[in-house]
Protein chains: 2
Amino acid sequence: MAGKVEARKAALRQKLVEAAEIRIARDGAGALRARDLAQDAGCAVGAIYNVFDDLTAIIMAVNGRTFQKLGAAVEASVAGAEAEPPSRRLILMSNAYLHFAVENTKLWRAMFDLRMAAGDAVPEWYMTALDDLFANIARPVGELFPDKDPGEAALMVRALFSAVHGIVLLGLEQRISGVPPERIEQMIAQVLEQIGSR
Amino acid sequence: MAGKVEARKAALRQKLVEAAEIRIARDGAGALRARDLAQDAGCAVGAIYNVFDDLTAIIMAVNGRTFQKLGAAVEASVAGAEAEPPSRRLILMSNAYLHFAVENTKLWRAMFDLRMAAGDAVPEWYMTALDDLFANIARPVGELFPDKDPGEAALMVRALFSAVHGIVLLGLEQRISGVPPERIEQMIAQVLEQIGSR
DNA sequence: CTTTGTCTTGAACCGCGTTCAAAATACAGC
DNA sequence: GCTGTATTTTGAACGCGGTTCAAGACAAAG
């Protein structure tokens, strides 16, 4: 039976990622414990390290899945809305981002909490997913500012994404704004409408 | 000699906070070690706990000082610029915020990294410092939108702060934008100018 | 069936926040 | 001062948690 080991490894990988996803979603990435994970996956603690370099590698794997879902949610929010004005589409995407963050707070946080270990090579899937997300934002931005050169437009795309991210981040943080999601929607709309109607 | 103990305690408090500030500024809050701190302050590990509840309390104390400095830097950036148009003043404050973050990255990060332990009472100094900061932002916002009611204006203030915070945060993060500070200034200006000139 | 290389196991290692019993120190009453 | 009591300071020890590693289990080849 050749390849049995490979299959075992792959199965363990998947079980570990699934267990980690459940635990992160419930308790946050900071509460993830190797021993709990091993128990969930029905393996020894040491086995984890045959399949992943360390715990952060598992969190990264979970983050990959989260990023996929986030991208899909944002993309879906403007599917079939091509006729809407560009600023409206920006607001739709931002609200999709907000709602994803509200409904998957712990998983969403895990994506940004993880301090990248000493700048060693951002994973390729990360850059791809990010580029996809930015491409969606770039379309309405291009319509709003047709005279901007590509470099400036790219900067604007990042600026808008970061701005919305900031509003969602601090809006969900108790100590800074601590306001209900409807208020956060208002904040996003206030800012983006100003930009759209200049 | 009554009160000798108090004096000792106060001196230890200060030495610990100073040592912690130096270490956080250099290595980040995550690298703060109780044993290192005790050595820096010339006391036993246990002594730390006679003076602070735990390590996060020390980080909080450092954050308090950082917040003071940040507030002062932002306020100074618009001192004597009352004649400038409001959107220009918003940009001045944002750039001050950016430069503070660039020059004190680790200390600035520490303020936001600290997960507030289960929502138990945000410290009073925190709310005060935040309100002071928001008051500075509220002035130009009030001039830009004189017709907005107070509630909406307050929301706008928070939205703008959060947006700028987001741009600075992700701008300094390698994996998302990873652009030089001048570009971050451009991003802020792009967004705020759109808002100012509606 | 034996050999050899690989996988799996979980006890052990180590770093680190925090605690606590013992030693040191401060203070009050004489 | 001196002695007894209370408080503070000490640092070794505790507990937790990520990671390692020597020993046993297992798979593939001869």
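These numbers come from a predicted model, not from an experiment. Letters go in sequence order (proteins before strands), and every chain restarts at 1.
Counting only N and O atoms by type, the side chains of Q190(A) and Q194(A) include no donor and acceptor under 3.5 Å apart.
For the residue pair V168(B) and I184(B), the shortest heavy atom distance occurs at CA-CG2, 4.3 Å. Residue S77(A) comes nearest to L92(A) through the heavy atom pair OG-O, 3.6 Å, listed as atom of the first residue, atom of the second, then distance. Residues L32(A) and L55(A) approach most closely at O-CD1, 4.1 Å, considering heavy atoms. When every heavy atom of W108(B) is checked against every heavy atom of A101(B), the shortest pair comes out as CD2-CB, 3.6 Å.
Atom P of nucleotide dA27(D) and atom NZ of K9(A) are separated by 16 Å, given to the nearest angstrom. Atom CG of D54(A) and atom C1' of dT19(D) are 9 Å apart (whole Å). Rounded to whole angstrom, the span from the CG atom of L16(A) across to the P atom of dT19(D) amounts to 13 Å. Across the protein-nucleic acid pair, D53(B) atom CG and dG17(C) atom P stand 16 Å apart, rounded to whole Å. One atom, CG of L32(A), and another, P of dG18(D), lie 7 Å apart when rounded to the nearest Å. Rounded to whole Å, atom P of dT9(C) lies 11 Å from atom CD1 of I48(A). In this structure, I59(B) atom CD1 and dT18(C) atom C1' are separated by 15 Å, rounded to whole Å. If you measure from atom CG of N50(B) to atom P of dA6(D), you get 19 Å, rounded to the nearest angstrom.
Using a 4.0 Å cut-off between charged nitrogen and carboxylate oxygen, E103(B) and K69(B) do not count as a salt-bridge pair.
No engagement by L37(B) is indicated, since no non-hydrogen atom pair under 4.0 Å with the nucleic acid exists.
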Go along nucleotides 11-16 of chain D 5' to 3' and tag each nucleotide: B for a protein heavy atom under 4.0 Å from its base, S when only backbone or sugar atoms are that close, - otherwise. BBB---

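With distances taken from any side-chain atom of A34(A) to the nucleotides dT18(C), dT10(D), dT19(D), the minimum falls on dT19(D).
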